[in-house]
Amino acid sequence: MILRRAYLLTSLVVMALALVPAPAALAQAQSLYWERFDVDIAVQEDGTLRVEETQVINFTSGTFTEGFAEIPTQNTDGITDVTVSEDGQAYSRRSSSASLDAGEYAVERSGSTIQVIWNMGRTRNETRTFVLGYTVEGAIRRYAEGNEFQWNSISPGMRDFEIRESTTTVRMPPGVTISFADYLVAPEFSGVPMTVDMAPDGERATWVANGPIGPAEGVQIVVQFPPGTVGGTGPSWQAEYDRRNAWEQTYKPLVDLGLLVLGFIILLGGPALLYLWWYVRGRDPKIDVVPEHITQPPSGVPPGIAGVLTDERADVVDIIATLMDLARRGYLVIEESAEASATRLVTKEFTLRKVKDAPNVAALNPFERQLYEAVFRGSAETVRFRDMNQRFYTNLPGLQNKLYETAVQLGLFKASPQTVRSSYGCLGAFALVAAIGGGFLAVPLFAQYTGMLICPVLAATVVAGLLIWMGQHMPVKTRKGAEGAALSRAFRNYL
């Protein structure tokens, strides 16, 4: 029969004894160790398991009054007949643990576990032996090849102190022999080396720890025996367990590998595709070499447009430069005056004034005309700089959009740089939200099957971020625009 070595997460085992100190001794240091932690598992003829844990505890420091154990009930059909005894003397069971006297215990259910609490009386600097017993129903898996159960005799990570010695014994009903006995070690289980011994008649097997068992270590045994040798039927959870076991052993490694490869494909292929897309759709046309310096601004490229060509952005400085150019071309005059205030400080005042015999405003390009009309609103002939603040910034978004549109109308860009950046930014933001949101939903949902789903999610998040960044570099100039940009930079170098 093939050994199923998948770690049974919810195998039935009592948690290591956790002892609660008396209130008067909370400030004292507490320590103990298990001289022995022995587990006896008797397989019953009806297919149940009767488990008895014998724990010999040496209380070396501090005062203790209560013991506590927790029995998981997952992957079982029930835990019954819980008992607590000490040195052959049974403790009395009570319905609640709220007020237990010495020699009493209570059993309480909490979710998928059973908690056992007992009052052992004031204990200090002595060795005591406790026996915790219970019956487990539906722990043995049934197959045509044989029966099997796995058992956490001692669970790892459930104690703060070490166990010096431990022996687990499995006893079968008369005439039923054990066909296979083993134990699990890392990486499937944080197990310790054991010595396994089988009785000559095959009706008993023992597992002896080869050394102390640390708090992070435990013991999990595996037992197989012939089919039809004990009563009962297969447990209600077996079908789901077998499906999960098949997934873990057969499909999960392939799925994990596939998700890891997919993550690498996205992480490497995504940026490569983005670069290819930029190379095909985002590069400016190649132009002839221009001088590094020129002494005159490029013909047919107004200052504001030149600013957009050099950095592909419509900035405030481009708008101010256009005002200066309109003054140079005779459409307005910038006048300076000095005023003395009550504090005897002299301040300078700048005023923009229309030129009466200015050239035809209709001859201006769309951006220049909108800027001119935004400055001299209505029939205004003059406007002070100080009065332009609110008016200027109110019109700023519209002026920037018009500057982009004018650059496109002049044949310098294939599309508005701002529109291109916004389109790619929205696409990248959507991809980023989809990657992160999908990860938040899918990763926890499939965590019980695989944790490698995080690989493509993280890779997609990185690619989405790159798409947002790449979008800032996707505006494309025409050949005319590329030449104008190169000449504008050459003139800027001269200046």
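Being a predicted model, the structure only gives us computed values, none of them experimental.
Side-chain contact check for Ser416 versus Glu405: every heavy-atom pair is 4.5 Å or farther apart.
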Please tabulate, for side-chain N and O atoms in residues 291-304, each donor-acceptor pair with protein atoms closer than 3.5 Å (sequence neighbours left out).
none

Scan the side chains in residues 439-466 for donor-acceptor partners under 3.5 Å anywhere in the protein, sequence neighbours excluded, and list what turns up.
from   : atom 1 : to     : atom 2 : distance (Å)
Gln448 : OE1    : Arg244 : NH2    : 3.0
Thr450 : OG1    : Asp256 : OD1    : 2.3
Thr450 : OG1    : Met452 : N      : 3.1
Thr461 : OG1    : Val457 : O      : 2.9

Could you tabulate the donor-acceptor pairs under 3.5 Å formed by side-chain atoms of residues 258-277, not counting sequence neighbours?
from   : atom 1 : to     : atom 2 : distance (Å)
Trp277 : NE1    : Tyr424 : OH     : 2.7

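In this structure, the side chain of Thr113 does not engage the main chain of Glu70 through any donor-acceptor pair within 3.5 Å. For the pair Asp311 (side chain) and Arg313 (backbone), a donor-acceptor distance under 3.5 Å is present. Remark: the backbone N or O of Val222 is not paired with any side-chain donor or acceptor of Asp182 at under 3.5 angstrom. When atom types are taken as modelled, the side chain of Arg159 and the backbone of Gly214 share a donor-acceptor pair closer than 3.5 angstrom. Within the 3.5 Å criterion, the main-chain N or O of Pro226 finds a donor-acceptor partner in the side chain of Thr229. With hydrogens and angles disregarded, a donor-acceptor distance shorter than 3.5 Å links the side chain of Thr73 to the backbone of Ser112. Proximity of a side-chain donor or acceptor of Asn245 to a complementary backbone N or O of Tyr241 within less than 3.5 Å is not detected. Formation of a donor-acceptor pair under 3.5 Å by the Ser190 side chain with backbone atoms of Ala186 is not found in this model.
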Side chain to side chain contact (heavy atoms under 4.5 Å, CB included) for Val223 and Trp151? Distances and angles first, verdict last.
CA-CA 9 Å; Val223 178; Trp151 191 269; over 6 Å; no
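A donor-acceptor pair shorter than 3.5 Å cannot be found between the side chains of Asp325 and Tyr331. Under 3.5 Å, the side chains of Gln400 and Gln418 contain no donor-acceptor pair of N or O atoms.
Salt-bridge formation is detected for the pair Glu368/Arg329: a Lys NZ or Arg NE/NH1/NH2 atom is positioned less than 4.0 Å from an Asp or Glu carboxylate oxygen. Checked for salt-bridge contact, Lys480 and Glu483 miss the test: no charged N lies under 4.0 Å from a carboxylate O.
Relative to the six-membered ring of Tyr33, Arg164 meets both conditions, a distance below 6.0 Å and an angle of at most 45° to the axis. In this structure, Arg283 is positioned above the aromatic face of Tyr279, its NZ or CZ under 6.0 Å from the six-membered ring centre and within 45° of the axis.
Relative orientation of the Trp34 and Phe37 rings is tilted, given thresholds of 30° and 60° on the angle between their planes.
Only one option out of Gln224, Gln238, Glu148 pairs with Arg141 in a side chain to side chain donor-acceptor pair (under 3.5 Å); it is Glu148.
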